[in-house]
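Notes to accompany the following structure.
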Amino acid sequence: MFGPFRLTTPLSGGLLWKIPWRLSRHQKYRHRERLRRIDLVISTLDTALARQGQTMKKVERWKADMPTEQEMLPKDKYTVFDRKIKTYRKGIHKVPKWTRVSQRLNPPGF
Amino acid sequence: MPYFRITLLRSSIGLPRKTTATLHALGLRKRMATKYLPITPSIAGQIMRIKELVDVKEVDEAMTKQQIRDARRPDPGFYVEKRATTGMMV
């Protein structure tokens, strides 16, 4: 009845492993927290290197190109571009390993 | 001398081999492992590659393994006022 091998429809009936089309608000919240955590890592690197009198191209490029969590539009935060979908957008939770990859920019105009 | 305190929060299972190799190079073998590494562009570049997986702080002093263990040890809840004298047993 319980446990990892319980008989549920997704487990017993072949291809029924559905991902909801949109994120729940708790998923969104955790996603924002993750984005903010990455922003924090970048700013830590930047200040630490600046204190040593050094800069790094990779960090500078990230700061120039990538919007921070506050600057991002909700559209870019929770969805990504996908050419195969009618509206050209799908939920970010459909991206493989989406909690551990940075996906902030989308093609302009989409 | 300031250091980066790097803690691995998320595992690299299923991520590209370069990510795993970077963690290996930094000496982060398992989750919640902490490393103190000097602040250099080379270390910063490696952190950039694994930024989604780690927590990074800038600290003034590096802690040894023993110091980290001692910091984690909970308060015993008692203190020793006086030890029994060993002279009684003779």
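The sequence lines fix the lettering, A, B, ..., with proteins before strands; numbering per chain opens at 1.
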> Is A:R34 reaching over with its side chain to a backbone N or O of B:E52, donor-acceptor style, under 3.5 angstrom?
Replying inline: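 No, because the side chain of A:R34 does not come within donor-acceptor range (under 3.5 Å) of the backbone of B:E52.
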>> Could you go through B:K57 and A:T44, starting from their C-alpha distance and side-chain angles, then the distance that decides it, and tell me whether this counts as side-chain contact (heavy atoms from CB on, under 4.5 Å)?
In response: CA-CA 7 Å; B:K57 286 263 154 57; A:T44 309; 5.5 Å; no
>> Applying side-chain contact (heavy atoms from CB on, under 4.5 Å) to B:K51 and A:L45, what does each step give before you reach the verdict?
In response: CA-CA 10 Å; B:K51 58 191 171 306; A:L45 288 184; over 6 Å; no
> Closest approach of A:Q54 and B:P41, non-hydrogen atoms and distance?
Replying inline: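 Where A:Q54 meets B:P41 most closely, the heavy atoms are OE1-CD, 3.5 Å.
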Taking atom [atom1] of [X] as the centre, report whether more than 12 heavy atoms of other residues, nucleotides or ligands fall under 6.0 Å from it.
X     : atom1 : value
A:Y88 : OH    : no
A:I19 : CD1   : yes
A:R22 : CZ    : no
B:M32 : CE    : no
B:K35 : NZ    : no

Part of [X] lying under 4.5 Å from any heavy atom of chain A:
X     : answer
B:I39 : both
B:S42 : neither
B:T40 : backbone

Can you get from [X] to [Y] by hopping between Ile, Leu, Val, Met, Phe, Trp and Tyr side chains that sit under 4.5 Å apart?
X     : Y      : result
A:L35 : A:V101 : no
B:L28 : B:M63  : no
B:L23 : A:I38  : yes
B:Y3  : B:I50  : no

> CE of B:M48 to CE of A:M56: how many Å apart, nearest 0.5 Å?
Replying inline: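 That separation rounds to 6.0 Å.
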> How long is the gap from CG on B:L9 to CZ on A:R100, to the nearest 0.5 Å?
Replying inline: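 Taking CG in B:L9 and CZ in A:R100, the distance rounds to 12.5 Å.
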>> Out of A:L49, A:L40, A:I42, return the one with the most heavy atom pairs under 4.5 angstrom to chain B.
In response: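 The residue among A:L49, A:L40, A:I42 with the greatest pair count is A:L49.
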> Run the side chain to side chain donor-acceptor pair (under 3.5 Å) check on B:R10 and A:T99 step by step: do they pass?
Replying inline: CA-CA 9 Å; B:R10 307 288 313 271; A:T99 61; 3.1 Å; yes
> Using non-hydrogen atoms only, which part of A:K97 is less than 4.5 Å away from chain B: side chain, backbone, both, or neither?
Replying inline: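 The side chain, not the backbone.
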>> Counting C-beta onward and ignoring hydrogens, is there a side-chain heavy-atom pair between B:P2 and A:Q52 closer than 4.5 Å?
In response: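 A side-chain contact exists here, since the closest heavy-atom pair is under 4.5 Å.
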